[in-house]
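Here is the structure we will look at.
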Amino acid sequence: MDVGFEADGTVTRAAVAVLRYPELDVLETAIAHRPTEFPYIPGLLSFRELPAVLEALEKLREPPDLLLCDGQGIAHPRRLGIASHLGLLVDIPSIGVAKTRLCGRHDAVANQRGAWTPLRANGEVIGAVLRTRPGVRSVYVSPGHRISLETAIAYVMGCCTRYRLPETTRRAHRLASGQMVVSLG
DNA sequence: GCGACAG
DNA sequence: ATCTTGTCGC
């Protein structure tokens, strides 16, 4: 799942891409548009993006077995990032994969694919800072709904091939950005 | 009170 | 997120 916006900023566009695991080939995609009626406020991203995301999900012929969201899971001040919120609403296991940190602290991460260090807040582990690829910034992985941190990390790594972000996120982002690519096979 | 702050 | 300049590598 990923979200994009119109040039005038009045419309939110949500895109979802369903990939088979672990092959990672695209099975289905969907896009939805909704008026943007909520501003971007750190900690309240769900209220801005979920309406369009839910609409896009409903367009799928079959519901996914796992959701990877562009944002935090429980690595959130109230432990309810967009991945957690979405997973809860549709009752599907979900994972948050954010490009930057919202909250929590952590040590440096080894520069090796798969290396990770705990993201902590208030004495509890709320996620992992994961190196999906050597030589690039790490990503912030956190459980969203009905999944453990270890399992979440395993799925995220399983979705990362030659780029920093999971193929699921990249596909959805491309759709939201209107960048189409034909694939023959 | 001050700094931090997903997309 | 969006915008913009400069650099590196295939």
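Numbered from 1 within each chain, the chains take letters A, B, ... in sequence-line order.
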Exercise. Which part of the nucleic acid, if any, lies within contact of A:Gly96, taking any heavy atom under 4.0 Å across all strands shown: a base, the sugar-phosphate backbone alone, or nothing?
Worked result: nothing
Problem set entry | Phosphate OP1/OP2 of B:dG7: any A:Thr100 side-chain N/O under 4.0 Å | yes
For this session: Please answer whether B:dG7 and A:Tyr40 are stacked, defined here as ring centres separated by less than 5.5 Å and planes angled under 30°.
Result: yes
Problem set entry | Side-chain N,O (A:Arg48) to OP1/OP2 (B:dG7) below 4.0 Å | no
For this session: Counting heavy atoms from C-beta on, name the nucleotide in B:dG7, B:dA6, B:dA4 closest to the side chain of A:Leu102.
Result: B:dA6
Problem set entry | A:Ile41 CD1 to B:dC5 C1', straight-line distance once rounded to whole Å | 12 Å
Exercise. Does a donor on one side chain and an acceptor on the other come within less than 3.5 Å for A:Thr36 and A:Thr12?
Worked result: yes
Exercise. Does B:dA6 have OP1 or OP2 sitting under 4.0 Å from an N or O in the side chain of A:Lys99?
Worked result: no
Seminar exercise, completed: Heavy-atom closest pair (A:Ala83 atom, A:Ser94 atom, distance to 0.1 Å) is O-OG, 2.7 Å
Seminar exercise, completed: Separation between CG (A:Leu54) and CZ (A:Arg34), nearest 0.5 Å, reads 9.0 Å
Exercise. Just how far, in rounded Å, is C1' of B:dA6 from CZ of A:Arg137?
Worked result: 13 Å
Exercise. Over how many whole Å does the gap from A:Ile126 atom CD1 to B:dC5 atom C1' extend?
Worked result: 13 Å
For this session: Write down the distance between CZ (A:Arg105) and C1' (B:dA4), rounded to a whole number of angstrom.
Result: 14 Å
Exercise. For the pair made of CG in A:Leu165 and P in B:dA6, what is the distance, rounded to whole Å?
Worked result: 15 Å
For this session: Output yes when a side-chain donor or acceptor of A:Ser177 lies under 3.5 Å from a complementary backbone atom of A:His173, and no otherwise.
Result: yes
Exercise. Distance check: side-chain N/O of A:His76 vs OP1/OP2 of B:dC5, anything under 4.0 Å?
Worked result: no
Problem set entry | A:Glu49 bridged to A:Arg13 by N-O distance under 4.0 Å | no
Exercise. In whole angstrom, what separates A:Gln72's CD from B:dC5's C1'?
Worked result: 11 Å
Problem set entry | Protein-nucleotide distance (A:Tyr140, atom OH; B:dC5, atom C1'), rounded to Å | 13 Å
Seminar exercise, completed: Separation of B:dG7 atom C1' from A:His85 atom NE2, nearest Å, is 16 Å
For this session: Check every strand shown and say whether A:Leu44 touches a base, only sugar-phosphate, or nothing at a heavy-atom separation below 4.0 Å.
Result: base
